[in-house]
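Below: one structure, written as structure tokens.
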Amino acid sequence: MTTRDPSTTKAADPKQRIHIPWYDEGGKRRPLADVRNIGIMAHIDAGKTTVTERILFYSGRIHRTGEVHEGAATMDHMKEEQERGITITSAATNTSWKGCELNIIDTPGHVDFTAEVERSLRVLDGAVAVFDAQAGVEPQSETVWRQANRYKVPRICFLNKMDKAGADFDAAVESVRTQLGANAFPIQYPIGQEQDFHGLVDVLENKAIIWDEETQGRRWHEEPVPEDLREKVDELRLAIVEAAAETDDELLERYLGGEELHRDDLLLAIRKGVLSGSIVPVLCGSALRNKGVQRLMDAICYFLPCPLDIDKIEGEHPDTGEPMERHPDVDEPLSALAFKTVADKNGDLYFVRVYSGSIKQGMQLWNAVRRKRERVGRLMIMHAADREAVDELRAGRIGAVVGFKDTYTGDTLCTKEDPILLESMQFPETVISMAIHPKSRGDRDKLGEALTRLAKEDPTFRAYTDDETGDTIISGMGELHLEVLVSRLLNEFKLDCEVGRPKVAYRQTLKKAVDIEGKHAKQTGGRGQFAVSRVQCDVHDETENTFESTVVGGSVPREYIGAVEKGLMNACEEGYPLGFPFVKLHFNLHDGKHHEVDSSEMAFQESGRLVLRNATAQVGVDILEPWMKVTITAPEVNLGDVLGSLNQRRGQVDRTESGHGDAMRIYGHVPLAEMFKYSEVLRGLSQGRGVYTMEPHEYRVVPSSISEKIRKDIEQERKNRKK
């Protein structure tokens with residue numbers, strides 16, 4: 001590709017062929033047209049951070065590259081990331097390339113840190129999906145792709161590691177199409193693969209790009225397309241031209257009329273297809289060997305959206321619920337989303353995306369979720385761990401704020417005079433927990449403070465005190481997640497802690513539906529307490545508990561209905577009789593009784609709590625355990641042993657898949673309780689070559705034999721405490 005920005009094409013009137021919001025009424029190009037807020041997303045070890053590192057190097061943001069395997073990558077700045085060679089937290093940076101301002105977020109690839117991807121995609125305009133050319137679509141690739149689908153984020157694909165043994169461009173593209181359901185169209189094709197990878201063909205320009213090996217791929221020259229690839233390239237060009245023409249009626253008419261379409265027209269049409277999701281361009285290269293990254297950067301500028309392409313952000317009035325919308329314009333009222341919090345000894349950092357208006361230093365903001373005022377202390381643009389102070393964050397920008405006190409991930413920031421509430425983010429429930437306590441008694445208070453800060457920073461981490469044992473319990477998304485958090489307590493907060501064995505986060509639900517009454521009546525002399533709530537308790541498929549009121553006739557006064565709901569939800573968290581939180585319940589308050597003098601919010605709250613207690617006594621409870629979606633890659637010769645190990649763990653195999661070199665991929669579901677330390681088992685079964693990934697799937701009823709054992713263990717623990 002040449003370096004010309006397609007939006008400046010002379011092939012047609014830009015106001016007719018380009019999104020009109022790029023230009024003001026006088027035809028002048030608006031600054032936000034040259035901004036790209038993008039994320040780099042992929043499965044672990046696909047090369048996301050290396051791609052980001054090369055982007056920063058070639059754009060002049062850094063002057064030497066640091067390698068992930070050496071613990072020196074710019075974006076992996078945490079000690080835990082450098083030690084493990086993986087990305088744990090999403091890191092933001094910014095640079096520029098050929099007139100475009102690139103705001104980049106490098107996201108984690110490990111499923112334990114999927115919340116980092118979730119909140120990044122929520123605020124980004126576009127994304128680069130990086131794939132290992134040998135492995136193709138991997139399990140976490142599917143997860144992040146689904147997340148991007150949920151937020152309708154336009155994407156381009158980069159097949160990395162084309163020089164790796166077993167790399168197969170065509171197979172990787174096909175896996176993107178079949179496993180992700182994406183309309184993937186290669187706009188490049190590799191010249192050679194594995195150790196012979198030395199160039200690529202630009203399908204749109206019909207040119208071959210050959211890298212000069214002496215410069216390790218940093219320089220290249222152009223040649224005609226090799227004859228042995230001519231037929232393949234013509235086939236790919238025909239496919240992308242037809243797909244591009246279908247995005248524009250005028251272009252389609254010209255194409256059907258036999259006209260040769262101008263390259264710039266094709267770039268514009270492909271861009272339109274990317275924004276609508278009908279076209280996903282595929283590029284290739286080897287970031288570690290400096291091959292193909294500059295052309296990826298060109299593609300980011302060509303095809304991924306600017307804030308103006310998003311057109312509007314939708315929300316609602318925080319008081320009335322009336323639908324509202326804001327546009328990427330600095331003159332509109334402020335709307336911004338806090339999408340990440342970072343605990344820092346010099347003041348916590350709050351990452352924000354500004355959708356409309358602007359945030360200025362010293363400004364008073366309104367948190368529409370917490371209904372509290374917040375003052376902007378300092379504003380800054382982030383470059384991994386480094387910060388650049390600025391006076392203002394304008395619409396379309398991503399930056400960080402220091403000075404907030406009561407803001408959390410997902411909160412909307414606006415002005416009190418023009419409030420708006422933006423859609424927040426949903427995070428999965430924790431599935432694993434362990435007890436933790438400091439080795440020195442003097443660090444107990446410090447531990448509580450540190451856990452509070454970590455919980456504010458990470459919405460998938462919970463810390464609480466077990467009322468029966470007095471132990472501090474931490475919960476997270478997996479063993480690695482908790483291991484990293486304990487490491488951070490030592491490295492960042494200087495707290496040396498002892499931890500117990502990981503435990504499954506069991507839940508419970510009622511065995512069946514029941515219509516039950518909760519009556520709270522107490523007379524102690526003077527004013528008493530009286531409340532009766534009649535509730536239909538149903539078991540439904542959704543994990544979240546829900547509540548509704550169909551009370552008529554005032555048997556439960558309107559002002560007490562919220563108290564009944566609060567009592568029920570508190571009882572769900574309390575988890576009587578086993579201590580596990582209740583899930584999958586729907587409560588319908590349909591009747592009750594009250595007393596003009598003795599009824600109160602406190603009384604009705606207690607009656608709600610008694611409803612659930614009485615329901616458990618009448619119909620009993622089922623224990624629920626988390627089941628995980630698991631994907632295992634192992635040598636084909638070890639397939640039988642691996643399948644046997646899953647069967648021993650109560651696993652269900654959905655399918656096996658070949659086409660990954662000499663390895664097979666196994667897809668299935670398995671209870672989390674059976675998977676602790678499974679990596680060691682798998683290594684033993686596969687001579688160290690097997691790997692697996694897990695992600696939460698659903699909660700299922702525990703078999704009766706295991707349920708009985710869990711109950712006996714709980715009873716024994718309680719007896720031991722009494723002694």
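Numbering of residues begins at 1 and proceeds along the displayed sequence. Scope of the values below: all heavy atoms of this structure, side chains included, with no hydrogens, waters or symmetry mates.
- Counting only distance, with no hydrogens or angles, the side chain of Asp309 and the backbone of Cys306 share a donor-acceptor pair below 3.5 Å.
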Using salt bridge (Lys or Arg N to Asp or Glu O under 4.0 Å), reason through Arg61 and Glu101 one step at a time and then give a plain yes or no. CA-CA 12 Å; Arg61 191 68 170 84; Glu101 175 189 330; over 6 Å; no

Test Ile313 against Glu325 for side chain to side chain contact (heavy atoms under 4.5 Å, CB included), laying out the working first. CA-CA 6 Å; Ile313 183 74; Glu325 59 183 47; over 6 Å; no

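- Remark: side-chain polar atoms of His262 are paired, donor with acceptor, to backbone N or O of Asp264 under 3.5 angstrom.
- Of the N and O atoms on the side chains of Arg119 and Thr409, at least one donor lies less than 3.5 Å from an acceptor on the other residue.
- Counting only heavy atoms from C-beta outward, the side chains of His383 and Glu388 never approach each other to under 4.5 Å.
- Closest heavy-atom contact between Pro190 and Leu229: O-CD1, 4.0 Å.
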Please step through side chain to side chain contact (heavy atoms under 4.5 Å, CB included) for the pair Val51 and Leu296, ending with a clear verdict. CA-CA 9 Å; Val51 168; Leu296 171 63; 3.8 Å; yes

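- With 3.5 Å as the limit, one finds a donor-acceptor pair spanning the side chains of Thr143 and Glu695.
- For the pair Pro226/Val201, a side-chain contact is recorded, criterion being any heavy-atom separation below 4.5 Å from C-beta on.
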Side chain to side chain contact (heavy atoms under 4.5 Å, CB included) between Thr107 and Glu116, intermediate numbers included: CA-CA 7 Å; Thr107 64; Glu116 291 285 337; 5.8 Å; no

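- In terms of modelled atom types and a separation under 3.5 Å, the side chain of Gln134 and the main chain of Lys164 share no donor-acceptor contact.
- Using bins of under 30°, 30° to 60° and over 60° for the plane-to-plane angle, the ring pair Trp145/Phe131 lands in the tilted bin.
- The OG1 atom of Thr631 lies 8.5 Å from the NE2 atom of His43; values are rounded to the nearest 0.5 Å.
- By the neighbour-count criterion of 12 heavy atoms within 6.0 Å, atom CG of Asp249 is sparsely surrounded, having that number or fewer from other residues, nucleotides or ligands.
- Distance check, rounded to the nearest 0.5 Å: CD of Glu53 to CD1 of Ile40 gives 12.0 Å.
- With respect to Lys232 and Asp170, a salt bridge is recorded, a charged nitrogen being found less than 4.0 Å from a carboxylate O.
- In Glu253, the CD atom is not crowded: 12 or fewer heavy atoms of neighbouring residues, nucleotides or ligands sit closer than 6.0 Å.
- Counting heavy atoms from C-beta on, the side chains of Asp45 and Asp132 never come closer than 4.5 Å.
- Arg177 places a side-chain N or O within donor-acceptor distance of the main-chain N or O of Ala184, the cut-off being under 3.5 Å.
- Of the possible polar contacts, none joining the Ser286 side chain to the Lys291 backbone as a donor-acceptor pair under 3.5 Å is found.
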Apply salt bridge (Lys or Arg N to Asp or Glu O under 4.0 Å) to residues Glu250 and Lys272 and explain how you reach the verdict. CA-CA 13 Å; Glu250 179 197 333; Lys272 190 174 180 180; over 6 Å; no

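- Using modelled atom types, one side-chain atom of Ser356 and one backbone atom of Ser335 make a donor-acceptor pair closer than 3.5 Å.
- Looking at Trp97 and Asp298, their side chains do bring a donor and an acceptor atom within 3.5 Å of each other.
- No more than 12 heavy atoms of other residues, nucleotides or ligands sit less than 6.0 Å from atom CZ of Arg394.
- Between the CD1 atom of Ile300 and the SG atom of Cys100 there is a distance of 9.5 Å, given to the nearest 0.5 Å.
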Check the pair Arg150, Glu118 against salt bridge (Lys or Arg N to Asp or Glu O under 4.0 Å), reporting the backbone distance first and the verdict last. CA-CA 10 Å; Arg150 184 159 59 249; Glu118 182 84 14; 2.6 Å; yes

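- For the pair Glu314 and Arg326, the salt-bridge criterion is not met [side-chain N within less than 4.0 Å of a carboxylate O].
- Judged purely by atom type and a 3.5 angstrom limit, Lys340 has no side-chain atom pairing as donor or acceptor with the backbone of Val352.
- Note: Ile666 CD1 to Arg655 CZ = 11.5 Å, rounded to the nearest 0.5 Å.
- The pair Asp125-Arg353 counts as a salt bridge, with a side-chain nitrogen and a carboxylate oxygen less than 4.0 angstrom apart.
- Looking at Ile38, Val274, Asn149, Leu304 one by one, the single match for side chain to side chain contact (heavy atoms under 4.5 Å, CB included) with Arg155 turns out to be Asn149.
- Between Arg289 and Asp163, at least one side-chain nitrogen of the basic residue sits less than 4.0 Å from a carboxylate oxygen of the acidic one, meeting the salt-bridge criterion.
- Side-chain atoms of Leu275 and Phe303, non-hydrogen and from C-beta on, never get closer than 4.5 Å to each other.
- Under a 4.0 Å N-O distance rule, the pair Glu223/Lys207 does not qualify as a salt bridge.
- When atom types are taken as modelled, the side chain of Glu222 and the backbone of Ile209 share no donor-acceptor pair closer than 3.5 angstrom.
- For the pair Glu242 and Tyr255, the minimum side-chain heavy-atom distance is below 4.5 Å.
- Side-chain atoms of Ile398 and Phe339, non-hydrogen and from C-beta on, do get closer than 4.5 Å to each other.
- Using a 4.5 Å cut-off on side-chain heavy atoms (C-beta onward), Met382 and Asn94 make no contact.
- Side-chain atoms of Val282 and Gln188, non-hydrogen and from C-beta on, never get closer than 4.5 Å to each other.
- Atom OG of Ser358 is separated from atom CG of Leu393 by 8.5 Å, given to the nearest 0.5 angstrom.
- Contact record, Leu283 with Ala299: CD2-CB, 3.7 Å, taken as the closest heavy-atom pair.
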List the steps, then state whether side chain to side chain contact (heavy atoms under 4.5 Å, CB included) holds for Arg237 with Tyr189. CA-CA 10 Å; Arg237 180 174 171 79; Tyr189 196 78; over 6 Å; no

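- No donor-acceptor pair under 3.5 Å is formed between the side chain of Arg36 and the backbone N or O of Leu102.
- Distance check: Leu200 CG to Ile187 CD1 gives 10.0 Å after rounding to the nearest 0.5 Å.
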